[in-house]
Amino acid sequence: NKIKIFSPATVANVSCGFDCLGFAVNDLGDTMSFTKTKEKGVKISKIIGANLPYESDKNAASAVALAMLEKHPADFGLEIEIHKGYAPGSGLGSSAASSAGAAFAVNELLGKPFSQLELTKFAMFGEQIACGSPIADNVAAAIYGGFILVQQYSPLNVIKIPVPSELMLVAIHPQVQVKTKDARDVLPEEIPLKDAVTQWANVGGLISGLYANNYETIANSLKDIIVEPARKHLIPHFDEVKQTALDYGALSAGISGSGPTIFALCKGKETAKKVHQQIDELYQKTGIDYTMVLSKIN
Ligand code: HSE
């Protein structure tokens, strides 16, 4: 009658794959518990670690749960507790963790009537509630785990991509505010065909490298010539962090989702530790508060 789950943070876009690529972070996320109640309806009883709405129709987790119970009526209601493991507004899919966590847990309590694709759609509704647009890259990564490609939005198609076993994430979250909406407002409305070709060739290269365990192809493809140049000025010391990551052996670095978190992908734990340490040292000097993560991906 009660279920406790971990819902992972996620990195969306992954450089070249704006709005269509994402991966789940192993060691960072939210813990949520869901308790069946006799009384119908969905109530948020506790939120620890963030200032989020308690109203059932405004909180992403409860909004997802309500939508699922409407589609699949049950003879019980739900009480939800959310322990945020990291800050909202980080660019690590905080609302997606709540939405995807709710979709997964409610499905378990209902006896698993919904597929992963259907859960992704419910979780996208949570994204709509939390940030105004039903983007799937973060929620699909949280639901499926590992690396995912949102190949198509209408009808939704999510493809799970294998993750090379030595791939590690280093991320730094500078404590500055970047709203997804503002980060979308700075994007170009049109792009030259030549840039589009470069970008989609890199998406293909990245997918190929992930399937083939080819770190060289991955490193060579992890580039974003469209979104990163338009957004990087929103993130303090972005270029220096990226350069440091590359200097110390990262495959590449880029903006996580709409920022401000900067992510680097590395081959192996030793390289990841070195990159982590160097970025840490660099950022200490800036005087800006930050948190860092070093994690496996899956
Ligand atoms: N892909 C979105 C963006 C953020 O970069 O604006 C996460 O959904």
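Start at 1 and go down the list; that is how both ligands and their atoms are numbered.
- Every atom of ligand 1 with a heavy atom of Asn138 under 4.0 Å away is listed here by number and element: 7 (C), 8 (O).
- Atom CZ of Phe238 and atom CD of Glu228 lie 3.5 Å apart (nearest 0.5 Å).
- Between the NZ atom of Lys84 and the CD1 atom of Ile48 there is a distance of 12.5 Å, given to the nearest 0.5 Å.
- What you find for Ala96 and Glu127 is that their closest heavy atoms are N-OE1, 3.3 Å.
- Between Gly257 and ligand 1 there is a heavy-atom distance shorter than 4.0 Å.
- Close approach of ligand 1 to Arg184 (heavy-atom distance below 4.0 Å) involves ligand atoms 2 (C), 3 (C), 6 (O).
- Residue Glu127 does not touch ligand 1, judged by heavy-atom distances below 4.0 Å.
- Numbered from 1 in the order shown, with element, the atoms of ligand 1 that lie under 4.0 Å from a heavy atom of Phe18 read 3 (C), 5 (O), 6 (O).
- Looking from atom 4 (C) of ligand 1 to the surrounding protein, the closest heavy atom is Ser258 N, 4.1 Å.
- Note on Leu246 and Phe263: separate hydrophobic clusters, where clusters join Ile, Leu, Val, Met, Phe, Trp and Tyr whose side-chain heavy atoms are under 4.5 Å apart, directly or indirectly.
- Ligand-side atoms of ligand 1 in range of Asp137: 1 (N), 2 (C), 7 (C), 8 (O), range being under 4.0 angstrom from any heavy atom.
- Short contacts between ligand 1 and Asp19, defined as distances under 4.0 Å to a heavy atom of the residue, involve ligand atoms 1 (N), 2 (C), 3 (C).
- By the 3.5 Å distance cut-off applied to N or O atoms, Thr180 is not counted among the residues near ligand 1.
- Taking the ring axis of Tyr215 as reference, the NZ or CZ atom of Lys267 stays within 45° of it and closer than 6.0 Å to the ring centre.
- With respect to Lys36 and Asp75, no salt bridge is recorded, no charged nitrogen being found less than 4.0 Å from a carboxylate O.
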Any chance you could lay out the salt bridge (charged side-chain N to carboxylate O under 4.0 Å, His left out) test for Lys232 and Asp239, step after step, and finish with the verdict? CA-CA 8 Å; Lys232 65 179 186 177; Asp239 284 330; 3.2 Å; yes

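- In this structure, Met124 has no heavy atom closer than 4.0 Å to ligand 1.
- Of all the atoms in ligand 1, the ones that sit under 4.0 Å from a non-hydrogen atom of Ile135 are 8 (O).
- In terms of hydrophobic clustering, with Ile, Leu, Val, Met, Phe, Trp and Tyr side chains grouped at heavy-atom distances under 4.5 Å, Ile143 and Leu109 are assigned to a common cluster.
- Contacts between Arg231 and ligand 1 below 4.0 angstrom, taking non-hydrogen atoms only, involve the side chain exclusively.
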